[in-house]
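Keep in mind that the numbers below use all heavy atoms, side chains included, and drop hydrogens, waters and symmetry copies. Small disclaimer: the values here were computed from a predicted structure and weren't measured.
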Amino acid sequence: MDAMDAEDEVPVSTSEPSTLVDDNSTVVNAIGAVNLQPVPAVIPPVVPMVILPPVVPAIAPRLAVPTPIPPPLAPLPVRPPVLRPPVAQNGEMQESDSDSDLEEMVSGRGAAGSTQEYEISEESRIVRERQEKALQELLMKRRAAALAVPTNDMAVRARLRRLGEPITLFGEREMERRDRLRMLMARLDAEGQLEKLMKAHEDEEAAASAAPAEEEDIQYPFYTEGSKALLDARVEIAKYSLVKSALRLHRARRKRDDPDEDVDAEVDWALKQAGSLALDCSEIGDDRPLFGCSLSHDGKMLATCSLSGIAKIWSMPQVQKVSTLKGHTERATDVAFSPTSNYLATASADKTARLWNSEGSLLRTFEGHLDRLARIAFHPSGKYLGTASFDKTWRLWNVESGEELLLQEGHSRSVYGLSFHHDGSLVASCGLDALVRVWDLRTGRSILALEGHVKPVLGVSFSPNGYHLASGGEDNTCRIWDLRQRRSSYIIPAHSNLISQVKFEPQEGYFLATASYDMTAKVWSSRDFKPVKTLSGHEAKIMSLDVAADGQFITTVSYDRTIKLWSSKNIEKEEKMDMD
């Protein structure tokens with residue numbers, strides 16, 4: 001029995017090497033015990049807690065299954081710290097306007113990037129570069145805004161030149177050039193090139209300090225120097241005007257203070273005479289339309305000019321032709337008798353004015369204008385002639401020598417009309433710029449610029465009272481300017497078409513006559529500028545008119561080629577015949 005038991009026993013060795021199941025499997029010992037007792041499960045100690053975990057029942061041990069080991073993963077990228085402005089106590093965001101805060105943010109970000117070395121993706125790197133670039137641009141703009149940049153465009157160009165930059169770019173405007181200089185200065189400041197900026201600033205200060213010294217050395221006059229003949233003419237005009245103005249003021253005081261003088265009665269009589277004007281004579285003046293007319297100082301001759309370039313002299317009041325003046329190569333635009341002699345002057349589109357005697361002989365030619373002439377007028381002394389031209393100038397000529405004394409600019413468009421003050425001290429010019437200018441012949445200055453017309457002004461005339469000036473133009477109105485108040489005192493809606501000429505009664509200025517393209521001429525009272533008489537009879541537009549020295553008749557010339565004489569003497573004759 002014992003021998004049998006001994007043979008049945010299998011020897012067990014625990015020191016034999018264990019058999020490997022797999023290369024990566026756990027090593028397990030071969031157990032060959034017959035009576036294998038279960039190993040009781042080891043229960044972990046229970047940690048005292050408020051709630052005890054459930055007790056896991058004992059599980060029999062089982063063989064471990066080999067599992068593959070995964071490859072190691074790359075570490076996750078660490079996001080850069082987001083710089084946010086501090087939050088105020090009331091919950092609103094606080095904005096920082098100082099450049100130091102922005103510099104601290106940029107430097108903090110750079111320090112964080114240098115201390116924390118980590119890998120970032122391409123998208124994160126692009127976003128970070130964009131943010132840094134935006135911050136740098138904002139910082140640059142704030143630095144540029146704090147810099148002092150000159151506002152004068154010439155100073156901006158000078159500084160750009162001193163900094164070695166182009167003074168202008170294609171299509172660049174003043175403000176764009178100034179912004180470019182501002183950004184350039186900010187960039188130089190950021191790069192630490194302050195010496196270059198300071199040198200440019202010192203150069204500008206040196207140039208500014210040197211400029212007054214140069215101006216002191218060379219002083220340019222603010223006026224155009226005239227000739228010795230012009231100076232002599234100004235002195236002579238001043239002497240003449242002082243005498244004439246003294247006589248005018250003495251006569252005005254006498255009328256005001258003398259109880260025997262009844263000014264209202266004189267005005268009423270003159271207006272009655274003007275109201276009785278009627279057509280006395282009508283004569284064909286030329287083969288072409290007539291353009292200008294003028295009565296002599298004694299009222300015995302009438303001069304007319306036409307588009308044919310021919311001027312004619314007529315005897316008054318019969319209106320019979322005396323002589324013909326031929327010499328212009330283009331159409332004649334105006335004619336004027338001298339106030340002291342029987343000389344007359346004509347203007348033409350051939351850019352010249354000519355002086356004639358009453359027999360029709362050419363005495364002198366005035367050349368110098370660059371464009372066709374418009375109106376002309378004699379100075380009250382008879383020694384000077386004024387011409388208006390489409391070259392935007394009017395000129396003063398010496399009648400005796402034919403020398404050009406004055407070339408006066410001042411109108412922005414063509415000058416059309418001229419009128420001399422009865423004292424001889426002033427001259428008024430009007431033009432297509434809708435402006436009336438009053439010039440002082442003694443000093444050469446423009447003393448008044450009368451604005452009010454909305455269209456070109458074609459006619460201007462001084463009143464003998466010394467302070468009224470009438471003007472008419474294409475806006476169909478006649479304006480009365482008061483030189484004492486320097487403004488328009490009356491606006492007369494005179495005609496239904498443009499006004500071609502205006503003339504005051506030359507002796508006392510008791511009435512005003514206007515000619516228009518509506519084929520009528522009208523007479524207005526100078527007391528209140530109410531209509532007195534309408535002269536109708538022409539079949540085309542009236543180009544010009546003139547009033548006799550005594551105010552007894554008015555002559556008009558028209559585009560219908562006729563000369564018409566309007567007189568009040570026939571009415572007086574009829575009244576005398578009725579009384580007889």
Side-chain angles (χ1 to χ4, degrees), residues 244-245 247-278 280 293-299 316-317 339 377 380 419-423 426 428 459-472 477-485 488-495 499 501-516 520-535 544-556 565-572 575:
K244 294 283 288 185
S245 60
L247 292 175
R248 176 175 57 83
L249 293 175
H250 175 71
R251 187 170 63 251
R253 293 191 188 99
R254 180 175 55 80
K255 287 184 178 181
R256 182 192 62 187
D257 299 335
D258 191 353
D260 296 335
E261 294 286 344
D262 191 353
V263 180
D264 292 336
E266 291 183 7
V267 174
D268 292 339
W269 181 84
L271 294 180
K272 181 180 178 181
Q273 292 292 107
S276 63
L277 289 172
D280 188 15
C293 67
S294 177
L295 288 165
S296 62
H297 66 284
D298 54 4
M316 296 296 288
S419 177
F420 286 92
H421 195 278
H422 288 261
D423 296 344
L426 307 177
V460 64
S461 176
F462 274 106
S463 172
N465 62 17
Y467 54 85
H468 275 161
L469 174 66
S471 63
T477 64
C478 178
R479 285 180 176 263
I480 309 299
W481 307 90
D482 195 328
L483 302 183
R484 301 166 299 180
Q485 301 177 358
S488 175
S489 56
Y490 291 94
I491 302 176
I492 308 173
H495 294 271
I499 298 175
Q501 186 65 282
V502 293
K503 283 288 180 68
F504 273 101
E505 181 261 314
Q507 189 172 3
E508 296 293 339
Y510 288 149
F511 63 84
L512 170 70
T514 59
S516 172
T520 64
K522 294 184 179 181
V523 180
W524 309 84
S525 168
S526 62
R527 182 164 50 190
D528 50 9
F529 294 99
K530 291 182 178 180
V532 175
K533 182 70 174 180
T534 300
L535 309 177
S544 182
L545 60 78
D546 200 4
V547 184
D550 56 357
Q552 294 298 315
F553 55 87
I554 297 175
T555 58
T556 57
L565 177 64
W566 312 85
S567 175
S568 60
K569 294 182 179 180
N570 291 339
I571 305 300
E572 294 179 358
E575 289 179 355

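For the residue pair Ser489 and Trp481, no side-chain donor N or O sits within less than 3.5 Å of a side-chain acceptor on the partner. With no hydrogens or angles considered, no side-chain donor-acceptor pair links Thr555 and Trp566 at under 3.5 Å. Judged purely by distance below 3.5 Å, without hydrogens or angles, the side chains of His468 and Ser526 never pair a donor atom with an acceptor atom.
The NZ atom of Lys522 sits 9.0 Å away from the CD1 atom of Ile499 when rounded to the nearest 0.5 Å. In this structure, CG in Leu512 is found 5.0 Å from CZ in Phe504, a value given to the nearest 0.5 Å. Atom NE2 in His422 sits 6.5 Å away from atom OG in Ser419 (nearest 0.5 Å). In this structure, OG on Ser461 lies 7.5 Å from CG on Leu469, to the nearest 0.5 angstrom.
Between Ile480 and Ser488 there is no side-chain heavy-atom pair separated by less than 4.5 Å. In this structure, Thr520 and Leu535 have side chains that are not in contact, with every pair of non-hydrogen atoms separated by 4.5 Å or more. Annotation: side chain of Met316 is in contact with side chain of Leu565 (closest heavy-atom distance under 4.5 Å). Contact annotation: the side chain of Phe553 approaches that of Leu295 to within less than 4.5 Å [non-hydrogen atoms, C-beta and beyond]. Looking at heavy atoms from C-beta onward, Asp482 lies in side-chain contact with Tyr467 at the 4.5 angstrom threshold. Counting heavy atoms from C-beta outward, Gln552 and Gln273 have side chains that approach closer than 4.5 Å. Between Ser471 and Arg479 there is a side-chain heavy-atom pair separated by less than 4.5 Å. Two residues are said to be in side-chain contact when any heavy atoms from C-beta on lie closer than 4.5 Å; Phe511 and Val267 fail this criterion.
No side-chain donor-acceptor contact under 3.5 Å links Asp280 to the backbone of Ser567. Panel note: side chain Glu505, backbone Gly551; no donor-acceptor pair is recorded below 3.5 Å.
Minimum heavy-atom separation, Phe420 to Pro380: CB-CD, 3.7 Å. Residue Gly466 comes nearest to Arg248 through the heavy atom pair CA-NH1, 3.8 Å, listed as atom of the first residue, atom of the second, then distance. The heavy-atom pair separating Leu545 from Ala521 by the smallest distance is CD2-CB, 4.2 Å. For Ser525 against Leu271, the heavy-atom pair with the smallest separation is OG-CD1, 3.3 Å. The shortest heavy-atom contact between Ala470 and Cys478 is CB-SG, 4.4 Å. Closest non-hydrogen pair, Trp524 versus Phe529, comes out as CE3-O, 3.9 Å.
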request  = Begin with the C-alpha distance, continue with both residues' side-chain angles, and end with the deciding distance and a verdict on side chain to side chain contact (heavy atoms under 4.5 Å, CB included) for Val523 and Leu277.
outcome  = CA-CA 9 Å; Val523 180; Leu277 289 172; 4.1 Å; yes

Test log, rule side chain to side chain contact (heavy atoms under 4.5 Å, CB included), inputs Arg256 and Glu261 = CA-CA 8 Å; Arg256 182 192 62 187; Glu261 294 286 344; over 6 Å; no

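Salt-bridge formation is detected for the pair Asp268/Arg527: a Lys NZ or Arg NE/NH1/NH2 atom is positioned less than 4.0 Å from an Asp or Glu carboxylate oxygen. Look at Lys255 and Glu508 and you find a salt bridge, because one of the NZ, NE, NH1 or NH2 atoms lies within 4.0 Å of a carboxylate O, short of that distance.
Just one of Thr534, Thr514, Thr477 meets the side chain to side chain donor-acceptor pair (under 3.5 Å) condition when paired with His495; it is Thr514.
Residues meeting the ring pair (Phe, Tyr, Trp, His ring centres under 6.0 Å) test with Phe462, sequence neighbours left out: His421.
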